[in-house]
Amino acid sequence: MTEKIRKVLSFPSPVPAKADYQRVKSSYSIREIKQMFGLSERTVRRWTEAGIIYGAPAGETGDFTYDFQALTLFRRVREMRTQGLTIKQIEAELQGQMSLFRAENGQVQVSRLLTPFEEALVLHEQSDATAAEFYQQAIAEGDNVAEAYCNLGIIELDHGDTLGALESFTQS
């Protein structure tokens, strides 16, 4: 009983030397959705064709691209999967949230204005300098605050403002 016992805490994976921040984009391919959320391409296509999740056709290949609003829906799917729901149960839940006034072709056509965050995403992809202003507006309005701070930090880092970038990453 006189010997000292040392307890060493070990973490499941080594801490990376450099943080790997990924920019939030304004559109995602089916493959990217598959990688990020662990869904099969077949399931994603079926949900898109049924109008459960809106995807914009991408060229003549028959693929779809998904905007940030669809991404938030896929995040909800991931949350439901962690709660133990099956794909069928998740699909039923998503269909229950659909609009009762669906268009005849299965696609919901809604004219909508972009939120400040969505506008910033589009401008950021076009390398427009005003994207930072829209990210600031999104933060002020409480719209996707963590993602806005992260993308704002990336913009600041690209402009050489290391301290500003560090502050934004910390806030995210």
Side-chain angles (χ1 to χ4, degrees), residues 19-128 130-155 158 168-169 172:
D20 185 26
Y21 294 101
Q22 292 183 353
R23 191 173 136 234
V24 178
K25 303 185 311 181
S26 63
S27 65
Y28 295 86
S29 68
I30 289 180
R31 286 194 176 141
E32 291 171 320
I33 295 295
K34 175 185 172 183
Q35 290 174 345
M36 290 190 306
F37 299 101
L39 297 168
S40 71
E41 288 185 27
R42 183 174 172 236
T43 300
V44 175
R45 285 183 206 283
R46 188 178 76 236
W47 288 354
T48 304
E49 291 166 358
I52 296 171
I53 293 179
Y54 178 74
E60 299 172 3
T61 61
D63 279 346
F64 296 98
T65 58
Y66 300 92
D67 64 359
F68 190 74
Q69 287 187 338
L71 189 68
T72 56
L73 195 56
F74 283 118
R75 285 182 182 155
R76 177 143 166 65
V77 168
R78 182 172 50 200
E79 289 172 9
M80 288 189 277
R81 287 188 78 184
T82 58
Q83 294 172 357
L85 273 67
T86 66
I87 293 293
K88 291 287 185 190
Q89 291 171 324
I90 292 170
E91 189 171 329
E93 178 76 20
L94 293 176
Q95 285 178 332
Q97 296 176 0
M98 291 175 51
S99 172
L100 296 174
F101 306 101
R102 190 171 5 163
E104 288 181 16
N105 63 0
Q107 296 292 331
V108 179
Q109 298 295 327
V110 179
S111 60
R112 60 183 164 110
L113 298 174
L114 296 176
T115 66
F117 181 75
E118 292 170 332
E119 184 72 25
L121 287 176
V122 172
L123 293 172
H124 194 174
E125 285 191 349
Q126 297 171 351
S127 300
D128 191 325
T130 59
E133 296 171 18
F134 280 95
Y135 283 130
Q136 290 287 359
Q137 185 180 354
I139 292 167
E141 292 180 10
D143 180 24
N144 298 300
V145 176
E147 291 88 351
Y149 269 122
C150 184
N151 284 1
L152 186 60
I154 291 170
I155 290 174
D158 289 344
S168 292
F169 290 140
S172 75

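Just so it is clear, the values below take in all heavy atoms, side chains as well, and ignore hydrogens, waters and symmetry mates. Nothing fancy with the numbering, it's 1 onward along the sequence.
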Least distance between heavy atoms, Y28 atom then L71 atom = CE1-CD2, 3.6 Å
query = How far does OH of Y135 sit from CG of L152, to the nearest 0.5 angstrom?
reply = 8.5 Å
request  = Given side chain to side chain contact (heavy atoms under 4.5 Å, CB included), test E91 with I52 step by step and report yes or no.
outcome  = CA-CA 8 Å; E91 189 171 329; I52 296 171; 3.8 Å; yes
query = Does some side-chain heavy atom of Q69 sit less than 4.5 Å from a side-chain heavy atom of Y54?
reply = no
Main-chain N/O of V122 paired with E125 side-chain donor or acceptor, under 3.5 Å = no
message = Would you compute the distance between atom CG of D128 and atom CD of E133 and round it to the nearest 0.5 angstrom?
response = 9.0 Å
message = Strictly below 4.0 Å, N to O, side chains only: are E49 and R45 in salt-bridge contact?
response = no
ask   = When rounded to the nearest 0.5 angstrom, what distance separates OG in S27 from CG in L121?
value = 9.5 Å
note = By side chain to side chain donor-acceptor pair (under 3.5 Å), Q35 pairs with (sequence neighbours left out) none
If you look only at distance, which donor and acceptor atoms sit under 3.5 Å apart when one is on a side chain in residues 138-150 and the other is two or more places apart or in another chain?
| unit_1 | atom_1 | unit_2 | atom_2 | d |
| --- | --- | --- | --- | --- |
| E141 | OE2 | Q137 | NE2 | 3.3 |
| D143 | OD2 | T115 | OG1 | 3.0 |
| D143 | OD2 | F117 | N | 3.4 |
| E147 | OE2 | R75 | NH1 | 3.0 |

ask   = Going through the distances and angles, do I53 and F64 end up as a side chain to side chain contact (heavy atoms under 4.5 Å, CB included)?
value = CA-CA 11 Å; I53 293 179; F64 296 98; over 6 Å; no
inquiry  = Applying ring pair (Phe, Tyr, Trp, His ring centres under 6.0 Å), can you list everything that pairs with Y66, at least two apart in sequence or on another chain?
reply    = F74
ask   = So which heavy atom on R76 is nearest to which on E93, and how close?
value = NH2-OE2, 3.3 Å
inquiry  = So R81 and L39, do their side chains get closer than 4.5 Å, heavy atoms only?
reply    = yes
message = For a 4.5 angstrom cut-off between non-hydrogen side-chain atoms, does M80 reach Q89?
response = no
ask   = Nearest heavy-atom pair of I155 and A132: which atoms, and what distance?
value = CD1-N, 4.1 Å
Beyond-backbone contact of E41 with I30, side-chain heavy atoms, under 4.5 angstrom = yes
Any F37 side-chain heavy atom under 4.5 Å of V77 side chain = no
query = Does the gap between the ring centers of F134 and H124 come in under 6.0 Å?
reply = no
message = Do I87 and T43 have side chains that approach each other closer than 4.5 Å (heavy atoms only, starting at C-beta)?
response = yes
Minimal non-hydrogen separation, T130 against L123, with atom names = OG1-CD1, 3.4 Å
note = In short, G55 meets T48 closest at the heavy-atom pair N-CG2, 3.9 Å
